[in-house]
Amino acid sequence: MFAIAAAVLFFIAFLINAADISTNDVFSSVNLMLLGLTAVALHLAGAGGWARSGSSRRR
């Protein structure tokens, strides 16, 4: 879930940077890249993953 959000944020940051669109300080390409890196870090830490139930395992 966080990996998809990170990919979208990176793509938007790339478009802003490539098209040289002037935005305000909140939506600059650097801020969007930092938000994307935060989402990647949360994904790698295991946050937002699917919940696994131990009782549904087949043996």
Side-chain angles (χ1 to χ4, degrees):
M1 187 80 168
F2 283 116
I4 295 171
V8 170
L9 287 171
F10 285 141
F11 182 69
I12 292 171
F14 171 75
L15 287 179
I16 289 173
N17 193 18
D20 199 26
I21 298 172
S22 62
T23 59
N24 58 6
D25 292 336
V26 177
F27 293 111
S28 68
S29 63
V30 174
N31 285 345
L32 287 176
M33 284 190 290
L34 290 174
L35 286 173
L37 286 173
T38 303
V40 168
L42 287 171
H43 173 72
L44 291 175
W50 297 100
R52 292 186 186 185
S53 176
S55 63
S56 66
R57 249 197 292 173
R58 297 182 110 167
R59 295 180 185 202

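Quick note: numbers below take in every heavy atom, side chains included, and nothing from hydrogens, waters or symmetry partners.
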Only residue of Leu9, Leu37, Asn17, Val8 satisfying side-chain contact (heavy atoms from CB on, under 4.5 Å) with Leu32 is Leu9
Kindly compute the distance separating CZ (Phe10) from CG (Leu35), expressed to the nearest 0.5 Å.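 One gets 9.5 Å once the value is rounded to the nearest 0.5 Å.
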Nearest heavy-atom approach of His43 to Phe2 is CB-CB, 3.8 Å
Smallest heavy-atom separation, Ala39 atom then Ala6 atom, equals CB-CB, 3.7 Å
